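Notes follow the structure.
All values reported here derive from a predicted model rather than from experimental measurement.
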Amino acid sequence: MNKRQRFIHYLNNEPVDRVPLAFYHHFLGPKMLYNMNQGLSSQKAYQANIEGHRRAREAFDPDMVKIMNDSLMIMPLEGAQVKRPQDLSRVLPQTKDSRWTDLSIHLAQEVKKIYSDSQAPVFYTSFGPAYILRSNLARIGNLMAGSPFFEKRILRFMAEDKEAMKDLVMRVSEAVIEINQRLFEEVGIDGIYFSVNNQNDFFPQALYREVFSPGDKRILEAANQTSPMNLLHICGYRDKANDLSSFADYPAGAYNWAVHAEGVSLKEGKALFGDRPVFGGFKQKGLIPYGSQEEIEEAVFKLLDETGQRGIMLGADCTLPTDFDDGRLNMVRAACQAYAKVHG
């Protein structure tokens, strides 16, 4: 099987010659971590983002290509410095022909060229409206979520004017859909790698389902109209877990979550998601970046003994360390080949 054939068999829960891999990491770190999301203002960050893929490709030829848009990762919102719920109506998402969008398209095109001789399917990292809004509204001037003071303000906005927040969520969702459509048409991606999360119940589950899930699903449904290869990444890591049941009815081609943060194995998750294809299984900072060939092979055999090889792709809870040596993934692939040789 070539990479595309193997991936299609994986998505269809059909037999494969070996289990495929889906590992990836950011390229703007650790020394360039401050350049995350700085592609609009820093040509250095933008170019480093592209060149990171080239170095990774030289060390490992992946089974699926995930375009890491580190320098343009989170859509910036115009007028995001809101102070009260009434201001939410003035917050504007990026348009499909904005400079940020044009640069995102160009970045994807340049990365895709690096893999032009590969038969591996290509995915672009896309984010749900909850993280886009948390990142923009939580920390003014810094597009990374994590400020407790401002994040509490988001919850207050939600409590004071839920309808205004729901309206903004749908406007952001429609903007994401328009941008994704340009990526399908102008870059030729095979699907989106759609990242969502409600880690540690930041929003009460019922509220997340009411306010954000319709936008999440709308984005996936729109992508599904173009391609069946759209992947859902339920982003969790270390102690930041999600309630997977909140995402069980999301219409994706395959599902990934933080096995070790959520305490839900691949086998258990596959049942939760209706026996649809799943991927993951390994810690971010564990055997893949630091283990020996023998340790990695033992872990792969143990995991595949539990799950079988149909509808399974090996990956990590989330991104591997930023300074990860991509050449180590050849050991993981060799372990999958060895398992297939033994078990057929």
Side-chain angles (χ1 to χ4, degrees), residues 74-75 77 80 82 84-89 91 93 126-139 145-177 192 194-224 230-252 254-265 268-276 278 280 317-318:
I74 305 299
M75 176 195 292
L77 303 180
V82 298
R84 52 185 184 167
Q86 295 92 318
D87 297 333
L88 294 173
S89 62
V91 176
S126 183
F127 289 86
Y131 194 67
I132 292 173
L133 289 174
R134 284 181 65 181
S135 297
N136 278 273
L137 302 181
R139 297 187 70 178
S147 169
F149 175 79
F150 288 116
E151 292 216 319
K152 288 180 180 178
R153 185 178 59 179
I154 295 175
L155 295 174
R156 178 170 59 82
F157 289 166
M158 188 88 76
E160 293 179 5
D161 196 339
K162 184 168 59 178
E163 294 305 313
M165 185 67 76
K166 289 167 73 172
D167 176 72
L168 179 55
V169 166
M170 292 312 298
R171 287 190 286 116
V172 170
S173 299
E174 292 301 323
V176 172
I177 289 168
I192 60 170
F194 189 49
S195 178
V196 298
N197 78 76
N198 187 29
Q199 296 161 352
N200 294 346
D201 292 345
F202 176 81
F203 299 104
Q205 287 299 318
L207 193 62
Y208 186 94
R209 295 283 293 174
E210 178 185 357
V211 176
F212 294 105
S213 289
D216 291 343
K217 293 178 182 179
R218 175 79 183 93
I219 291 168
L220 280 170
E221 288 163 355
N224 289 341
N230 301 296
L231 310 179
L232 183 68
H233 169 56
I234 305 167
C235 185
Y237 51 92
R238 294 190 288 276
D239 62 337
K240 296 184 177 181
N242 296 273
D243 182 345
L244 298 184
S245 65
S246 292
F247 306 98
D249 61 347
Y250 277 35
Y255 301 79
N256 166 252
W257 65 95
V259 164
H260 297 88
E262 268 111 37
V264 178
S265 70
E268 292 167 336
K270 202 169 193 301
L272 174 67
F273 290 108
D275 198 40
R276 287 171 287 183
V278 297
D317 284 356
C318 195

Looking at residues at least two apart in the chain, or sitting in another chain, which of them share a salt bridge (Lys or Arg N to Asp or Glu O under 4.0 Å) with R276? none

Provide the closest heavy-atom pair for C318 versus H233 in the form atom of the first, atom of the second, distance. SG-NE2, 3.6 Å

For the residue pair I192 and V176, establish whether any side-chain heavy-atom pair is separated by less than 4.5 Å. no

Under a 3.5 Å cutoff, is there a donor and acceptor pairing between the side chains of D216 and Y208? yes

Are N242 and E262 linked by a side-chain donor-acceptor pair shorter than 3.5 Å? yes

Is there a side-chain contact between I132 and L77 (heavy atoms, below 4.5 Å)? yes

How many angstroms lie between atom CG of L88 and atom CG of D167, to the nearest 0.5 angstrom? 9.0 Å

Going from CZ on R134 to CZ on F212, what distance comes out if it is rounded to the nearest 0.5 angstrom? 9.0 Å

Mind checking whether L133 and I154 have side chains closer than 4.5 Å, heavy atoms only? no

What distance do S246 atom OG and D201 atom CG have between them, rounded to the nearest 0.5 Å? 7.5 Å

What heavy-atom pair brings V169 and V211 nearest, and what distance separates the two atoms? CG1-O, 3.5 Å

Can you check whether I234 reaches L244 side chain to side chain, under 4.5 Å on heavy atoms? yes

More than 12 foreign heavy atoms under 6.0 Å from NZ of K217: is that the case here? yes

Can you see whether N224 engages N230 through a side-chain donor-acceptor pair at a distance of less than 3.5 angstrom? yes

Using every non-hydrogen atom in the two residues, find where E268 and G263 come nearest and quote the distance to one decimal. OE1-O, 3.9 Å

What are the two closest heavy atoms between I74 and S135, and how far apart are they? CG2-CB, 3.8 Å

Which residues satisfy the salt bridge (Lys or Arg N to Asp or Glu O under 4.0 Å) test with E210, sequence neighbours excluded? K162, K166

For the atom pair CE (M165) and CG (L155), what is the distance rounded to the nearest 0.5 Å? 8.5 Å

N/O donor-acceptor pair under 3.5 Å between N197 side chain and A130 backbone: no

Using a strict cut-off of less than 4.0 Å between a Lys/Arg side-chain nitrogen and an Asp/Glu carboxylate oxygen, indicate whether R209 and D249 qualify as a salt bridge. yes

Are the side chain of Y250 and the backbone of Y255 linked by a donor-acceptor contact shorter than 3.5 Å? no

In Å and rounded to the nearest 0.5 Å, what is the CD to CZ distance from E174 to R171? 11.5 Å

Restricting to non-hydrogen atoms, name the atom on S173 and the atom on G215 that form the minimum distance, rounded to 0.1 Å. OG-CA, 3.2 Å

Can you name the nearest heavy-atom pair linking D161 to P85, along with the distance? CB-CB, 3.6 Å

Residue set satisfying side chain to side chain contact (heavy atoms under 4.5 Å, CB included) with V259, at least two apart, ordered chain then number -> W257, L266, D317

At what distance, to the nearest 0.5 angstrom, does CG of L207 lie from CZ of F202? 10.5 Å

